[in-house]
Each structure stands twice: as structure tokens, then as C-alpha cells.
Undergrad: 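The structure under discussion is supplied below as C-alpha cells; questions concerning it will follow.
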Amino acid sequence: MIDFIAGVFGSSNYWFIVLRSTAPILLVTLGAVVTEQAGISNMALEGAMLWAALVGVIASAASGSAWFGLLCGILAAVVVCWILWAFAIKLDANAVLCGVALNLVAHGGTVFVLFSLTGDKGISSSLASKTLPFLKLPYLSDIPWLGGVVSGQNIVVYLAILAVVVVHLVLNKFTIGRRIRATGENLEAARSAGISPDRVKFFALTASGVLAGLAGCFLSMGYTSNFTSGIAAGRGYVANAAQVVAGGTAVGSIFAALIFGLTDALATFLQNVGLPPELIQALPYAVTILGFIVVTLIRDRRESARKRALFARADRAAAAAAPAGKGGA
Amino acid sequence: MNSDSAARDAKIPEPGRPRRLKPLGAAKLFFTDRDKLEPALVSFLAVLFSIAAGIGLIFLVSKDPVQSTKNFLLGPVLRTYNVYYTMIAMVPITFTGLALCIIYQSKYLSLIVDSCFYMGAVVATAIGVNWALPGVVHPIVAMLVSGLVGGLIGLLPAILKIKWRANELVSSLMLNYVFYFLGSFFILYFLRDRDQAILASMPFRKSFALPKLVANTQLHWGFIVAAVFIVLVSLFIYRTKWGYEIRMIGANPKFAAYAGISVPTVALYSHFVSGFIGGVGGAVEMAGLYKAFIWQMNPSYAWDGVIVAMLARKNPKYVPLSALFLAYLRVGADFMSRRGDVAFEFITLLQGLIILILASDKIVNYFKARRLRKAALASGFGPASAAANGGGTAK
């Protein structure tokens, strides 16, 4: 058993799979972070991913270009998020319920479209879809162990890492990022400062659509080379939980997504040892919930420690002020 | 003594006393005033609109759209056996719809009922295969045990919410995956019939089967059980202290908390009861319809329950109506897809559309807002009165 564990965690192959399964989760988690910071829960991320995955495959098969497929896939995901915006913001709908509805539509609608086009409900293998390129990094690939991990990944994996930097910069260094956080923090205050919350939420949802679209296209045009029904496999929901674990920051998203990526990759390895696959498949979702609980516990403890320190300081200040006050009277 | 009289003076509403029923005529049972009539009208329009959209979709993809549309709209009544199918299809979505009515009454949005229903079916399978019990008792015991398991599962998102402030929808969706895999593991490793080529459990004992309601059809006593549950849940929500507390929290959680209602406690038992109903639903489905557990995938009746509950406006009284509508739609779509080239999944597009429309406050309250606006204009008050007085006199 120990040999097995050492073998798994020591192999560059395991970490290669970790990176590969973390990337889509990381992208949607970033999307969830952006919208949550703007004060709106994007529950439709799952549906956006599904549509992106399907539209990407269809468009790339129709045009023969993976990049055109990616573009169309991202557009499809953005449109889903726009529909959410229209109903949730313009028609005062419950955003969470709208997200649920859009996911329902995506689950059935993608199968419906796939069946209408190909006559198959399960898989898009009859479409000659393209895959996004895998990159061999020039110098890194020569490094013995590390090269096997970081080189040869799909381009979306590198884009995901880039996306962390971009989202971090946008949220913290740009005006629009400050507006997003202001809207999420206090909508009325933001409005009185001249920010249009509706427009900010529109931007945030668009951004999350782009990120979810990238993730969705990666699933059907890189992670695997086909669209299969229910290909998102709850990653959109996981992202909504991971967003909390990430504490609403882009950098935190890396760790939150890694929790899922590590277990997901481990599941592929554990399957070879003969553990029941059903239990292993349940693992990533269970671990995400556990991660959520642990992070909340840590945050609560830190918060109460901070408060206790604050009260202690106030007590000390009061104690120091009390004799002086008496003396004055 | 003193605090007692103070409480009486403060006119804190007494949660313990249920509202008395007024004698009702048939018309009053449904639409009593415009505030209720108008949302009902919107629901009706939403349904019509989504069906129209569905027909448009059929014309878009089908080679023989007229026949497909006819099959879709009239399929459930064209054949006698389809009428029974529609009634059978009402049973599971009635259970999940009722469960979600309770959840939505308390303003929570959790979909854990999906797990409760699935695990209820799994537990009922174990009981149906392994326990030797006399005829009528067997399915009833299975329902109770499944309900209990469903209730305990239903508690999980509430506990996560109360202790760790986890969003109950997100955690319930995660748990749905966990329990789906757990349930199929259970079937596969403990109850599997190895002689079957497909994934199936060992056959149930004879005593486990619910008797048929009509001879030579599949319509089973579960239909009656579902009807009983509609009455029970109605009584629970509108005639008991617990139901009152759930509705209070749904109306205004802060006020309810100030009035002395423990919000966590209510969250716990509302989730337990709703999970219980989901679990019973799973057991009824197994005992009534199947001879062994043969689900290759989770049927996910909770998603249909969302629509049933929304169309019923969270009121169990209307659940049979909305369950009938949804069952009709599903049987029609199934009939159409078997005889044509339109995939059954197109039904989810209609379902999603209905949820989107009914979730939109501006659409649901459109008529009310228009009525209020008109009243305001007529009385000369309201924001637009100046414009109306200035330029609108000619109208």
C-alpha cells in the first residue's frame, strides 16, 4: 500500500493528470469567484459548460477549425450567462432558481440537439470534431521529472494558469474589479457612488461565461475528444462550492481547484488497484464538501481569534483610561 | 406572571393555534381573489407559452411535424394504456413535488430530495429482496424505513447550512452525486442478480409488490398513497404548529426569529419531513412498478418536483393538478419520441422555460403591478400621475 502511494505521488504521470483535471475546475471556479464578488450566484455554470462543450464540438466539426469551435463554444456559454442576467436582473427572478432551470435546459437540450444532429444520444463520435492543440514547452520538457508534468499539456491548461493572473489583476488592480467588489460588498453604496450594479453584474457574468466556456470546450476538445451527455459531471456545481473554499480570491481558487483535481486524479489511479469504482467516483464530490467544512472551521476560528484580540485590546485601553478618567473627575 | 402578561400585551402571534377552515365552495377552493387569480393566470400562460415553444421546436427538427405534434399533445389520451401511464407517471413527481413544496415554503432551496428518492428506492430494494414479511405489511415497512433513511439524508444539507453556512443548494447537489454513486455501489455489491446481463438487483419477494388498482394495468396502489400524502402534507403545512413555523420563516425569517421561532430547528425538521416524503416516494415506485431494481441511471425526479412545486405555488392543494400536467407532458413526449424522430429530452427545454418564467417576479406580478398602476393613475396619485393629468386626459 505504501509502495503504491509512493509510486503514485512520485510519478510524473500522476501530477500530469492532476494538472489536467484541475484546469477545467480552476477555470469555472474563477468564473464563480468573479460573479460571487459581484454579488450574484452563477448557478448556471454547469449548463454554460455543457453548451460550450457541445457547441464547440459541432462548430469545430462544421468549420474544420478547433479555434472557431472554441470561439463558438465560449459564445454559447456567454449567451447562457446573459440569459441568466436577463431573468435574474431585468425580470427580478431568483438567480439560483434560474440557474437550476438553465442547467435543466442544458442537460436535456444538449442531448436533444446532439440527437437531432447525429441520431445518437450518448456521444458525438460521428462528428469529425477537432481537438485543441497540445503544447510541448521548449526548454521545460527537457527537465527530467518536471518536464513530464508541465509539458505536453493542452493549451487550455496553460490558459487556465494565465486566467488566474488575469482575474487576480482585474479584481485587484483595475477599476472594473473595484466596481465588481463594491457591488458585491454593498449594492446601495455602490449605486450611490455612481456605479451601475446591473452593468457590473453583466460584465461579471460575461466574464464567468468566457471562463466556463473555455472549461467546457476543454472537456470535449482536449480532455476528451468527444462530447458525451452530461460531460460537465457536476463541475459547475463543484465550482460554486470551491468558490467559497477559495475565499473569493483568484489565488485561492488554485488551492480550491487542486482539492478536486488531486482526488479526481487519484480516483483514476485507485481504480487500477481494484477498489470499487462507484466509491471512487463519489470521492471528489465528498472531498469538496469536506474541504468546504474545513475551510469554514479555520475561517471561523481565525475570525473569533481576531475578535478576541480586538476585545482584549479594547479592555486594555479601557483599563488604562479608567484611572486617568477618575483622576480627572 | 409578569412576563406572561407582557407577552400578551405585545401581541406576539401564537404559533400553536392552527387557522380554522372556512366552509368552501368549489370555486372558492381555487381562486379566491385577484391576488391569487393573477399568478394562476400567469402560470397558465407560462404553460401555454412553453407548449407553443415546444411545438415550434418540433416543427424545427421533425420530418413529420404535424404527426409528431399530434402525438405529443394527444398521445396521453389517444390510447387507454397511455391514460394509465399518465396516472402512473404522476406518482413519483407528486412525492418529489410535495417534498419540494415543504422545502420552498421555508425559503430553502435544496435538491437533496433527489438523493432521498434514489436512496429510498435502494433501501426498499434491500428490504424487498431480503426481508420475509407478510403481504400488506411488507411494502408498508419498506416505505417507513425508506422514509426514515430519506429523512436522515434530507437532514444533511440543513446541518451543513446551520453548522458551516454551506449553501444548501450547492451542498445538496454535491451530495446527490455522492449518494448516487453510493446507491449504485450498494446495489452492485450486495444486491446484484449475477444471472442478468444488465445491471439489476435480485428480484423482489412476491409479498413486496403493491397490489394493482385496476386489473391488467400497471396502475398500482401507490397512486392512492400519493393522494393520501397530498392530504397529509396539506394538513402539515396549513394545520399544524410546525407547518405554521415553516410558513412564518418562509414569509420573513427575521420576524419569525424575533417571534421566538428557532430557525435552525425548523430548517432541520422541514428537511427531515421533505426527505421522508422523498424516501417513501422511492419505495412506492419500487414496490408499485418494478420487479427488481433496474435503474441504470438516476431518474432525477427531484427536478420535476421543482416544476410541480412551482406550478402549484408551493401549495400541496394544487400539486395533483401540476403533477397531472407534467405527467401528461412527459407521457406525450415519450409517445412522440417512440413514434417519431424527436428526442424525448426536448421536454426539459419546456420544463426549464416554465421555471424561468415562474421564477421571474416581474412576470408573475405583471398583472398585479399593472392593476396597481392603473388604480394609482385613476386616483391621481402615483409617480406617473403628473404625466397622466398633463397629456392623458384625451384618453
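Note: hydrogens, waters and symmetry copies are ignored here, and every other heavy atom, side chains too, is used. Lettering of chains follows the sequences in order, A, B, ..., and the numbering in each one begins at 1.
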Undergrad: Of all of Val111(A), Val295(A), Leu114(A), which one pairs up most often with chain B through heavy atoms under 4.5 Å apart?
TA: Val111(A)
Undergrad: What part of Val61(B) is in contact with chain A, defined as an atom under 4.5 angstrom from a non-hydrogen atom: side chain, backbone, both or neither?
TA: side chain
Undergrad: What I want to check is whether the side chains of Thr110(A) and Trp51(A) have a donor and an acceptor closer together than 3.5 Å.
TA: no
Undergrad: Sort Phe292(A) into side chain, backbone, both or neither according to what part of it lies under 4.5 angstrom from a heavy atom of chain B.
TA: side chain
Undergrad: Can any side-chain N or O of Asn176(B) pair as donor or acceptor with the backbone N or O of Leu111(B) at less than 3.5 Å?
TA: yes
Undergrad: Please confirm whether Trp303(B) and Tyr301(B) have ring centers closer than 6.0 angstrom.
TA: no
Undergrad: Between Asn103(A) and Met43(A) (side chain of the first, backbone of the second, donor and acceptor by atom type, cut-off under 3.5 Å), is there such a pair?
TA: yes
Undergrad: Heavy-atom distances under 4.5 Å only: say whether Ser184(B) touches chain A with side chain, backbone, both or neither.
TA: both
Undergrad: With ring pair (Phe, Tyr, Trp, His ring centres under 6.0 Å) as the criterion, how do Phe72(B) and Phe346(B) come out once you've worked through the C-alpha distance, each side chain's angles and the decisive distance to 0.1 Å?
TA: CA-CA 11 Å; Phe72(B) 170 52; Phe346(B) 105 117; 5.2 Å; yes
Undergrad: Sort Ile347(B) into side chain, backbone, both or neither according to what part of it lies under 4.5 angstrom from a heavy atom of chain A.
TA: neither
Undergrad: Tell me, for Val100(A) versus chain B, whether the close heavy atoms (under 4.5 Å) come from the side chain, the backbone, both or neither.
TA: both
Undergrad: Report the residue from Leu27(A), Leu219(A), Val80(A), Leu54(A) that forms a side-chain contact (heavy atoms from CB on, under 4.5 Å) with Met49(A).
TA: Leu219(A)
Undergrad: With chain A as the partner, which of Val342(B), Leu173(B), Ile355(B) has the greatest number of non-hydrogen pairs under 4.5 Å?
TA: Leu173(B)
Undergrad: Are Ser68(B) and Ser62(B) linked by a side-chain donor-acceptor pair shorter than 3.5 Å?
TA: yes
Undergrad: Relative to chain B, which of Leu279(A), Asn240(A), Leu84(A) shows the most heavy atom pairs under 4.5 Å?
TA: Leu279(A)
Undergrad: Can you tell me which portion of Ile293(A) sits under 4.5 Å from chain B's heavy atoms? Options are side chain, backbone, both or neither.
TA: both
